[in-house]
There are 2 protein chains.
Amino acid sequence: MDTQPLYLRLSGHYRQAIQSGVLLPGQRMPSVRALTRLHRVSLSTAVEACHTLEDEGLLEARPRSGYFVLRRRRVDIQPPSEPDAGRKLDPAQYVGIHDRVSDFVAKCEFYPLLTNLAGTYGSPEMYPAEALKNAATRALRKHSQLLVSAPDMRSDSPLNAVLARRALDAGMRLSAEDILVTHGCIEALNVALRAVAQPGDTVAVESPTYHGLLQILESLGLRALEIPTSPQTGLSVEALELAFRTHDRIRAVVVMPNFHNPLGSVMPDPEKEKLVALCERQQVALIEDDTYGALGRDDIPLKAAKAWDKPGNDGNVIYCASLRKTLAPGLRLGWVAGGRWQARIQMLKYTQSRANEALAQFTVAEFMASSAYDRHMARLRRQLTGQREQMAEAIAAHFPAGTRLSVPGGSMLLWVELPPGTSAQAVFDAAIQQGIRVAPGSMFSNSSRFDHFLRISCGFPFSGAVDEALRKLAAIVAQNAPRPAA
Amino acid sequence: MDTQPLYLRLSGHYRQAIQSGVLLPGQRMPSVRALTRLHRVSLSTAVEACHTLEDEGLLEARPRSGYFVLRRRRVDIQPPSEPDAGRKLDPAQYVGIHDRVSDFVAKCEFYPLLTNLAGTYGSPEMYPAEALKNAATRALRKHSQLLVSAPDMRSDSPLNAVLARRALDAGMRLSAEDILVTHGCIEALNVALRAVAQPGDTVAVESPTYHGLLQILESLGLRALEIPTSPQTGLSVEALELAFRTHDRIRAVVVMPNFHNPLGSVMPDPEKEKLVALCERQQVALIEDDTYGALGRDDIPLKAAKAWDKPGNDGNVIYCASLRKTLAPGLRLGWVAGGRWQARIQMLKYTQSRANEALAQFTVAEFMASSAYDRHMARLRRQLTGQREQMAEAIAAHFPAGTRLSVPGGSMLLWVELPPGTSAQAVFDAAIQQGIRVAPGSMFSNSSRFDHFLRISCGFPFSGAVDEALRKLAAIVAQNAPRPAA
């Protein structure tokens, strides 16, 4: 039985019609009155369904005329190019990512910020500030010695239980004891890598991949082996299998199967299953970063790769996640479920920063245990869907010919391929001086393969200011794109 | 001019008289009335001075008779033995400290706790729970988006400014920019060591030293070189100088000059100065852990070794500290001022766990900026002084002949040398089964030199239950002590 609210079923019906071309751009949507009659729904349900599709960027309201299917300039634009699966793989030791990120950070600090298109969060208004504040205040009142009591070794965080329960949505069966709360996903990745690899070892990663991961590898003295990765379907399991045959000392594979940063790719479930089985066979730890996995669609929750892992202490997948993108960007909360490495991970976390403090955990646990969390997530997902569509349309409208992008089905990151030969670093340097912050592709790889890519974030609501910033950015791209031969 | 409150000057006058033997144990203290007359102070000042000395365990009130100087059983007890400065030094690579600490933690979790003599915190009542709770609530109200805003790269923590100001007391001149807030002193030590040493390098440490430090060294693949350290005056700078001459690859020296854990030792200022100069000359980083330094006496603040360091980015001392022992055991707040390694430390901290969340920093900054912080610290120091005296007296009264200890001038840790041949591990194993938690000396060294030592904490107020636990502990020690040859 379908338990979705009626308005979501109705909007889903028309979304499919639009996406499959049954309703074409420019065509008129049935009026709200017509919808009530056609589908025997209330007026408010019909209105809400139309608002949902408008938020998603599929409909536009024209004054006194009703809703129309939005013209999609994007139909002309190509998705980013697929990787060359046959290229030779080279593990890189010193990667200089610290320097690239330092340069990025220094310039971001130096120039006044007008429009941030480099963030990986939603805007504050998209998160439940008031509810979290109240939960924190209640926790302080209820546990009057919370801030002055040393955590007892025996104490169990109430957060662990609710995280285990919420993990069911991603197909994982975890108990509270399988979970360790960390200072963000970053700390989770650190202790996971330290648990399975030693300095000098090689770690297979997606290409491109999250610059924070490359920094961790660099700081731990690990070599990164970049595996070809599709902007659509994520890591090439075949290429990984080849890498295992040709490279020694691969001690771990780090992947973001769901809404990859920066690609936005999602691995199909059969690929996830193959990946888990391959790593298990090779006895190589699979570290999964699922930071953005919950930011897809309400009706189709994505499965974590860990869903195919052996249970409990037998597992070979180290699952890492964060609450910063989904719930509370101002808190430093992540978690890790490390399977057979969990004991070592716990000791390393203890040695690195001890247990997280209790206040943030109490705060979030209370909210996540309630249905208010589900409502928040539904709203957040809907907002992000609209923002992705609007941002992609604007890029398609403004950027020069030869630009390529695809719109992922979740999260807030667009991976934009500029016309070949365009230096994304030069674009970044010019844009930051105008107060526009974007992330150049060179930050996401040890190689130069992505030097003509930009990661553009649509975490913040689309607005006239964002549109204006994209126009300026597009002009900068056009200036930096090589002229076609006469 | 002496700015101390009158009652503290008065109590100081009599403390000196008692400690120098002018007033002997069992002798009557001048009556409160007599004090008002003798020193021209108010009745309440005289009463408060007597209470202070009673809290410190120097006086006892006898009903209807007034105050008497407490009989000090401790006069018969010897301080712990001094190290053998001439012994050969061996750097140890794999130290197995993880296993020792894991064993300790597992047993602590398994047996129900009755009396915790292994903690390194005061009891919750000794910290300003209400004031911190109110500060947190105010911060949540004032910054309504605190929990849902991603920290901006440019943001300055208000905590940095107040930490810099408070650091003046320890003789340091720091600016807010010289300081990085961390997840406790543990994280500060981690990033400090990672900044200056590579796996395989050697780090000179005190012997014994804090087990948390040995765990960090083990987890980072660093070798620990234990330098002879006096229970009274701390690290032997001469022995360290010798070690520099005989050992390569010493990349850092880690010390706790003030109220060492577990020794309680304090390095005399000239030794601190020599130590800083020696490390500077050798171009070896000096990492200073000052977790307990502020827990001494109000009238004699201890200087940090960093007080003798070059200023700003020229400094060779990496100063690490924590707010967990002094102010808020329930928060995860520490900090580091890394001199010439600060940029690298900042990048490593960013790579390891990003910036600390803002709520705890706002909370603590507000309180530390006010005079309430000074009043709290004065009260805390007085309470700890009393608790140290009472605990030491009880140990002296109950423990078998041959036990040795000295009472440090601050903090909450007593380092107790059991009769030679007594296994502290056996004592720990028997005590934990009776619900009494102590820290065996084997946790504080790679060697077996401290296997007949116990670290006993007096962080919690002395009580009948604590006295009873010490009696039981003493009986266990007596059972485990080797019998003198007939």
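This one's a predicted model, so the numbers in the text were calculated from it and none came from an experiment. Both backbone and side-chain heavy atoms feed into the values below; hydrogens, waters and symmetry mates do not.
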Interatomic spacing from [atom1] in [X] to [atom2] in [Y] - rounded to 0.5 Å:
| X | Y | atom1 | atom2 | value |
| --- | --- | --- | --- | --- |
| A:S219 | B:K349 | OG | NZ | 13.5 Å |
| A:L140 | B:L132 | CG | CG | 10.0 Å |
| B:L359 | A:L359 | CG | CG | 5.5 Å |
| A:L331 | B:L147 | CG | CG | 5.0 Å |
| A:I216 | B:L348 | CD1 | CG | 11.5 Å |
| B:Q352 | A:Q215 | CD | CD | 12.5 Å |

Selection from [options] maximising heavy-atom pairs under 4.5 Å formed with chain B:
| options | result |
| --- | --- |
| A:A129, A:A136, A:A328, A:S149 | A:S149 |
| A:R194, A:E357, A:Q145, A:E130 | A:E357 |
| A:L220, A:T120, A:T182 | A:L220 |
| A:H183, A:E187, A:K133 | A:H183 |
| A:I186, A:L189, A:V148 | A:V148 |
| A:R354, A:Q198, A:E125 | A:R354 |

### Query
Side chains of A:V101 and B:T351: closer than 4.5 Å at any heavy-atom pair?
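Not in contact.
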
#### Entry: A:S353 and B:R332: side chain donor to acceptor below 3.5 Å
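No, no side-chain donor-acceptor contact under 3.5 Å.
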
### Message
Quick check on the interface: out of B:N190, B:L146, B:L213, who has the most heavy-atom pairs with chain A under 4.5 Å?
### Response
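Of the candidates given, the most pairs with chain A belong to B:N190.
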
### Query
Given a strict heavy-atom distance threshold of 4.5 Å, which part of B:A355 is in contact with chain A: side chain, backbone, both, or neither?
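It is the backbone, since no side chain atom gets that close.
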
### Query
Can you say whether A:A343 sits under 4.5 Å from chain B via the side chain, the backbone, both, or neither, judging by heavy atoms?
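Nothing of A:A343, per the 4.5 Å heavy-atom cut-off to chain B.
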
